[in-house]
Amino acid sequence: MYATRVLRSSLKRSTGIVGIPVSPEPRQHLISLYQKTLAAAKALPPGTAYRRSLLQTTAFRLGVVVETEDVPSIEKQIGCGQVEELINQAEDELKLLPAYKENEMWKR
């Protein structure tokens with residue numbers, strides 16, 4: 001019974017951010033999103049600044065998430081908010097990539 005109480009008290013109940021619910025499995029979600037982002041970024045022309053930056057940032061974040069089990073440690077090492085915010089950022093990046101490629105934004 002004590003272990004159950006301790007486990008329940010350690011679970012995150014709210015992000016404290018309106019409109020952003022708690023992710024039940026943030027590590028797995030981030031790993032999946034970051035892997036998809038790395039694959040999609042490789043379709044961009046080599047040498048573009050956006051591609052280099054995206055690959056470097058995403059690879060760093062993926063490494064942190066894979067190597068670190070503790071969610072608060074992941075948030076601290078990446079330094080860009082709560083894991084739920086990182087999930088939103090990664091999802092937004094994946095939405096941006098097709099438009100970036102289609103409109104050939106690297107030529108502008």
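Glu85 contributes atom CD, which lies 3.5 Å from atom CD1 of Ile17 (distance to the nearest 0.5 angstrom). Summarising the geometry, atom CG belonging to Leu54 is positioned 5.5 Å from atom CG belonging to Leu97; distances are rounded to the nearest 0.5 Å. Leu86 CG to Leu30 CG: the interatomic distance, rounded to the nearest 0.5 Å, is 6.0 Å. The OG1 atom of Thr68 sits 12.0 Å away from the NZ atom of Lys76 when rounded to the nearest 0.5 Å.
Cluster membership check: Val66 shares its hydrophobic cluster with Leu38, using side-chain heavy-atom separations under 4.5 Å among Ile, Leu, Val, Met, Phe, Trp and Tyr. Cluster annotation: Ile20 is not connected to Val22 through the hydrophobic network of ILVMFWY side chains, with a link wherever side-chain heavy atoms come within less than 4.5 Å.
Considering only residues two or more places apart in sequence or on other chains, Glu25 meets the salt bridge (charged side-chain N to carboxylate O under 4.0 Å, His left out) condition with none of them. For Lys36, the side chain to side chain contact (heavy atoms under 4.5 Å, CB included) partners two or more places apart in sequence, or in a different chain, are Ser32, Leu94. Every residue meeting the salt bridge (charged side-chain N to carboxylate O under 4.0 Å, His left out) condition with Glu104, not counting sequence neighbours, appears here in chain and number order: Lys107. Lys95 pairs by the salt bridge (charged side-chain N to carboxylate O under 4.0 Å, His left out) definition with nothing, not counting sequence neighbours.
The side chain to side chain donor-acceptor pair (under 3.5 Å) analysis of residues 44-55, with sequence neighbours excluded, yields the pairs Tyr50-Glu93. Among residues at least two apart or in separate chains, salt bridge (charged side-chain N to carboxylate O under 4.0 Å, His left out) pairs with a member in residues 56-72 are Arg27-Glu69.
Minimum heavy-atom separation, Val65 to Tyr34: CG2-CE1, 4.0 Å. Across every non-hydrogen atom of His29 and Ser23, the tightest pair is ND1-OG, 4.3 Å.
Heavy-atom neighbours of Gln28 CD from other residues, nucleotides or ligands within 6.0 Å: above the threshold of 12.
Between the side chain of Glu75 and the backbone N or O of Val83 there is at least one donor-acceptor pair closer than 3.5 Å. Within the 3.5 Å criterion, the main-chain N or O of Thr15 finds a donor-acceptor partner in the side chain of Gln82. Formation of a donor-acceptor pair under 3.5 Å by the Gln89 side chain with backbone atoms of Cys80 is found in this model.
Residue Thr37 is tested with Leu55, Leu96, Thr58 for a side-chain contact (heavy atoms from CB on, under 4.5 Å); the sole match is Thr58.
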